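A short worksheet on the structure shown next.
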Amino acid sequence: MPLSWNEIKDRALRFSREWEGDSSEDAEAKSFWDAFFDVFGVPRRRVASFENPVRKSDGQGGYIDLLWKGTLVVEHKSRGKNLDRAYHQATDYFSGLKNRDLPRFVLVSDFARFRLYDLDDNEVHEFRLEELHKNLRFFDFIAGYQRRSFAAEDPVNIKAAEKLGELHDQLRAAGYVGHPLEVLLVRLLFCLFADDTGIFETGQLREYLDQRTAEDGSDLGMHLAQLFQVLNTAPDQRQSSLDQQLAAFAYINGRLFQESLPLASFNRAMRETLLDCCAVDWSGISPAIFGSLFQSIMDPEARRNLGAHYTREVNILKALQPLFLDAYRAEFDRVRRSPKQLLEFQAKLASTKVLDPACGCGNFLVIAYRELRLLELEVLREIYKKRETGFLNVSDIVRVDVDQFYGIEIEEFPAQIAQVALWLTDHQMNGQVSEEFGQYFARLPLVKSPNIVHGNALRMDWSAIVGPTALNFIVGNPPFVGAMVMSDPQRDDIAQVFVGVKGGGILDYVSAWYVKAARYLQGDSTRGRIRCAFVSTNSIAQGEQVGVLWRELKALGVHIHFAHRTFRWSSEATGRAAVHCVIIGFGLSEHPSPLLFDYETPDGDATQVSAGHINPYLVDGPDVLVENRSDPMCPVPGMRFGSMPRDGGHLILSPDERDQLLAREPSAAQWVRQYTGAEEFLNGGKRYCLWLVGASPDAVRGIPFIVDRLQKNARYRLASKATSTQKAAARPGLFVQIAQPESDYLLVPRVSSERRLYLPIGFMRQDVIANDQVLTVAGATLYHFGGISSAMHMAWMRYTCGRLESRYRYSKDIVYNNFPWPDPTDKQRQAIETASQVVLDARAVHPGATLADLYDPLTMPVDLLKAHQALDRAVDLAYGKTNFQSEAERVAFLFERYEALTSLLPSGPARKKKRKTNSGPARKKRRTRRTASA
């Protein structure tokens with residue numbers, strides 16, 4: 001057990017007095033360094049050796065005065081000698097050491113002076129012998145109190161994970177796989193951390209493995225198995241004949257070493273890898289992120305982007321701070337001057353219980369536990385700062401513990417890591433308490449354990465893990481899996497949770513956690529004490545999912561307490577995959593002061609705004625649910641999808657292909673049409689298509705190029721897995737779905753960049769074929785162009801449309817058909833039409849620019865921007881309100897108007913009608929009409 005700093009300080013003073021003025025004979029030097037290590041309560045012989053033979057960089061032999069492998073090299077000189085030369089002599093020995101034995105520290109001395117080089121932090125500390133007691137913290141690596149700050153991008157985390165990954169691969173290649181391999185690695189993780197952080201004596205594990213196991217690794221598995229048994233056995237129950245070196249290991253308990261594992265067979269390479277793992281400074285590991293890194297070593301593909309799979313701490317705190325940490329911090333500030341209230345507040349901290357029902361490797365739980373412990377430390381600092389209220393043992397005053405934390409994880413390996421990560425965090429926090437009060441504090445053996453359960457959270461009764469009357473907070477980051485890419489078991493999970501909920505099949509996987517949590521909250525007799533927060537894919541607050549999910553949640557009494565609108569959720573790693581997310585905090589009670597966190601860009605910083613009421617679209621506005629509507633609720637022309645070829649590209653022509661066809665067969669010109677989608681419309685360029693609607697068979701058969709394309713298309717469609725596509729092989733000259741307007745039309749891209757201030761739309765001729773990547777409005781006028789191009793419509797779209805990554809995904813059934821248009825006077829309508837024409841004229845002034853160029857906020861011409869701003873004013877005036885101060889104000893206004901308009905409808909939102917599959921008269925009529933138009 002490490003000495004307290006007060007004890008170390010007393011020993012340092014005695015050491016300085018005893019060695020002041022002594023000589024520099026070799027024998028005296030050895031005694032000097034034995035006594036120096038004894039200052040810190042560490043037997044020198046256990047960690048370091050004298051006169052280690054080594055080959056220097058010039059090939060000559062030499063001796064290192066004192067070597068602590070992987071940690072420290074000491075070069076000792078006679079009194080008054082040059083310490084610079086001593087340092088260079090020490091570093092000259094490095095070439096003769098194995099990489100894992102290279103030290104972090106170099107210490108040179110001449111009895112009277114110490115100079116310590118920290119090679120990792122590039123720091124040098126020099127002081128005289130009599131000043132040792134003032135500089136003890138530089139030697140905390142000897143005392144077992146090493147203190148570190150933890151950064152997500154700290155290379156030590158990745159280096160450690162890579163080393164364990166190497167060992168994992170070697171064991172798996174040798175046939176040691178599955179559950180035993182996972183448990184073995186988790187145990188080794190704990191032991192490696194323990195070896196550098198004072199749980200074991202410093203370097204105890206490395207010394208045992210290095211000294212007691214054969215170099216060929218043949219007996220390493222046996223020694224590890226025996227070590228695990230010792231760590232699981234109380235000292236009074238260990239055999240008296242137990243090897244002394246093994247008996248020196250601490251009793252750990254906590255069920256971590258309880259299970260008996262098959263004996264692992266190691267070889268020389270595996271032993272070397274494990275010793276390399278021992279050489280990593282595990283005191284620098286952050287449990288908050290290492291768990292996810294460690295998990296990723298199990299997946300070779302994931303390891304290519306090692307570091308891309310942990311969650312950045314700043315993102316975790318976005319959920320934890322408004323959920324409870326900010327409130328706890330504010331309460332501490334209120335009571336910090338009252339010892340009685342501080343003790344009551346500490347009791348509150350010690351009774352706080354947190355559940356993460358998708359805990360993974362425990363990132364959220366680790367950060368939550370660490371923050372509670374840090375806050376408790378501040379409480380203790382205030383209570384005992386004058387030391388008037390004494391305590392015999394620091395363990396008597398620390399009350400927050402790991403058993404306050406609960407987790408559910410579907411995979412066994414991360415569940416085990418989560419438990420160990422919380423224990424490691426507990427030990428790090430205990431080290432900070434030791435630093436603060438100068439008294440060593442470690443919770444060994446492990447009496448209390450985190451409550452991490454391995455299982456499917458969507459199939460489990462959460463109340464069986466922790467009752468609603470005992471819990472305070474639910475928080476986590478459920479899996480980011482979209483409705484279209486779920487596995488079959490995940491679809492079964494969704495179906496089980498959403499039994500009886502109409503439309504549940506369109507929901508993302510994360511939505512099931514919201515409903516499970518809301519149903520769990522029904523068991524809280526206080527109806528509002530428990531608060532929740534989940535990180536989620538942003539689609540649950542946009543588009544058609546909102547109506548389905550939030551109708552159920554509102555029926556369960558859910559109120560939103562805070563929300564982070566869309567931001568990019570990512571790690572620090574190069575090549576990382578980013579997800580666009582929201583965070584929603586909720587409970588069964590209304591929050592007196594809801595908070596919205598908005599982002600100007602997904603990568604930007606959040607702006608905190610107080611809200612009156614947060615609705616399911618994460619807007620400060622009334623609770624309205626915009627659901628699929630088959631027709632516009634306002635008197636405007638209908639919108640429809642463009643035509644879908646589903647042809648494998650065989651009906652589509654490049655400009656060169658079109659030119660070659662017409663050069664050989666001029667008569668084919670009547671069957672070739674310009675073809676456009678969002679790409680051509682926004683970025684320029686042209687494509688063409690074979691449009692054989694109405695073509696006679698004899699005309700087509702006379703053109704070999706077209707016949708070849710139709711044959712290829714028929715084969716492509718027959719090879720499809722979709723039955724509807726196979727059936728369409730019978731008419732290979734036609735698009736599968738034909739929806740071409742019979743008049744000129746307004747074109748709206750289905751996907752558009754989130755960076756644009758305005759949605760680029762435009763009028764198209766009837767003979768330009770629109771594909772299914774765009775939407776069309778036949779019969780649209782300049783008034784409709786102006787409405788869709790306006791800031792009002794953009795605000796509505798941003799809050800109600802779906803997203804493809806962060807880009808806007810326009811929906812006719814949600815966005816267009818539910819848009820609350822104004823009710824303009826004739827004069828106001830004319831003003832909108834005039835302003836719309838000015839926008840089109842401003843575009844025409846820049847004929848060489850694409851719409852993507854014109855609507856990029858960095859390159860948008862001033863005249864076009866001013867034209868849009870004038871259009872915005874005209875549209876605002878038609879709504880009877882001007883001078884909106886923010887987009888949020890616009891959206892709140894539109895939701896109120898939507899609520900007013902829908903209240904006038906006879907039966908609420910019109911649901912989208914399902915097309916009948918039987919061949920009734922209506923279906924026959926529709927087929928006949930399409931054939932006739934062809």
Side-chain angles (χ1 to χ4, degrees), residues 43 45-49 68-71 98 100-101 160 163-235 237-280 282 294 416 420 423-424 444-446:
R45 291 176 179 81
R46 193 178 57 75
V47 297
S49 57
W68 180 355
K69 291 181 179 179
T71 302
K98 293 181 179 179
R100 66 167 176 257
D101 294 337
K163 278 298 176 187
L164 272 180
E166 189 178 335
L167 182 60
H168 161 269
D169 290 350
Q170 291 170 330
L171 286 164
R172 185 173 62 179
Y176 198 80
V177 297
H179 172 78
L181 173 59
E182 294 175 355
V183 175
L184 175 64
L185 288 173
V186 170
R187 289 179 179 178
L188 288 175
L189 164 63
F190 182 91
C191 291
L192 291 164
F193 182 87
D195 210 36
D196 286 330
T197 58
I199 297 177
F200 297 163
E201 297 291 337
T202 304
Q204 188 177 6
L205 174 70
R206 180 179 181 176
E207 179 186 15
Y208 178 76
L209 297 179
D210 197 16
Q211 294 179 359
R212 302 299 297 275
T213 63
E215 289 191 1
D216 64 1
S218 57
D219 60 353
L220 179 54
M222 177 195 69
H223 278 282
L224 286 175
Q226 187 176 16
L227 173 62
F228 294 158
Q229 288 182 359
V230 170
L231 297 175
N232 193 54
T233 305
Q237 296 177 7
R238 295 176 180 176
Q239 288 182 232
S240 59
S241 57
L242 182 65
D243 177 88
Q244 186 176 359
Q245 201 168 2
L246 275 173
F249 279 92
Y251 172 42
I252 303 301
N253 195 18
R255 302 192 305 276
L256 178 60
F257 299 97
Q258 190 174 68
E259 180 183 355
S260 178
L261 296 178
L263 204 62
S265 296
F266 286 75
N267 57 28
R268 182 183 301 272
M270 295 178 194
R271 178 179 181 272
E272 286 295 308
T273 302
L274 181 54
L275 288 173
D276 286 343
C277 288
C278 292
V280 174
W282 289 82
F294 188 31
Q416 294 173 348
V420 171
W423 275 325
L424 302 187
L444 291 176
L446 300 173

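One is the number of the first residue; the rest follow in order along the sequence. Source: prediction; values computed, not measured.
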Inter-residue atom distance [X].[atom1] - [Y].[atom2], 0.5 Å rounding:
| X | Y | atom1 | atom2 | result |
| --- | --- | --- | --- | --- |
| His223 | Ser218 | NE2 | OG | 8.5 Å |
| Phe228 | Ile252 | CZ | CD1 | 11.5 Å |
| Ile199 | Leu205 | CD1 | CG | 12.0 Å |
| Leu227 | Thr213 | CG | OG1 | 11.5 Å |
| Asp219 | Phe266 | CG | CZ | 11.0 Å |
| Phe249 | Cys191 | CZ | SG | 7.5 Å |

Quick check: do [X] and [Y] have side-chain heavy atoms less than 4.5 Å from each other?
| X | Y | value |
| --- | --- | --- |
| Leu261 | Tyr176 | yes |
| Arg212 | Leu246 | no |
| Asn232 | Asn253 | yes |
| Gln211 | Gln245 | yes |
| Val420 | Phe193 | no |
| Leu275 | Arg100 | yes |

Distance-minimising heavy-atom pair for [X] and [Y]:
| X | Y | answer |
| --- | --- | --- |
| Asp276 | Lys163 | OD2-NZ, 3.6 Å |
| Leu444 | Ala250 | CD1-CB, 4.4 Å |
| Leu209 | Cys278 | CD1-SG, 4.0 Å |

Apply side chain to side chain contact (heavy atoms under 4.5 Å, CB included) to residues Glu166 and Gln170 and explain how you reach the verdict.
CA-CA 6 Å; Glu166 189 178 335; Gln170 291 170 330; 4.1 Å; yes
Is the backbone N or O of [Y] less than 3.5 Å from a side-chain atom of [X], with the two atoms forming a donor-acceptor pair by type?
| X | Y | answer |
| --- | --- | --- |
| Arg187 | Leu224 | no |
| Arg271 | Asp210 | yes |
| Trp282 | Cys277 | yes |
| Gln204 | Ala248 | yes |
| Arg238 | Thr233 | yes |

Start with the C-alpha gap between Leu220 and Met270, add the side-chain angles, then the distance that decides, and say whether side chain to side chain contact (heavy atoms under 4.5 Å, CB included) holds.
CA-CA 9 Å; Leu220 179 54; Met270 295 178 194; 5.7 Å; no
Should Phe257 and Leu446 be marked as a side chain to side chain contact (heavy atoms under 4.5 Å, CB included) after you check the CA-CA gap, both sets of side-chain angles, and the distance that decides it?
CA-CA 11 Å; Phe257 299 97; Leu446 300 173; over 6 Å; no
Audit row: Asp196, Arg206, salt bridge (charged side-chain N to carboxylate O under 4.0 Å, His left out) steps and yes/no
CA-CA 10 Å; Asp196 286 330; Arg206 180 179 181 176; over 6 Å; no
Between Thr202 and Thr71, is a side chain to side chain contact (heavy atoms under 4.5 Å, CB included) present by the stated rule, with each step listed?
CA-CA 10 Å; Thr202 304; Thr71 302; 5.9 Å; no
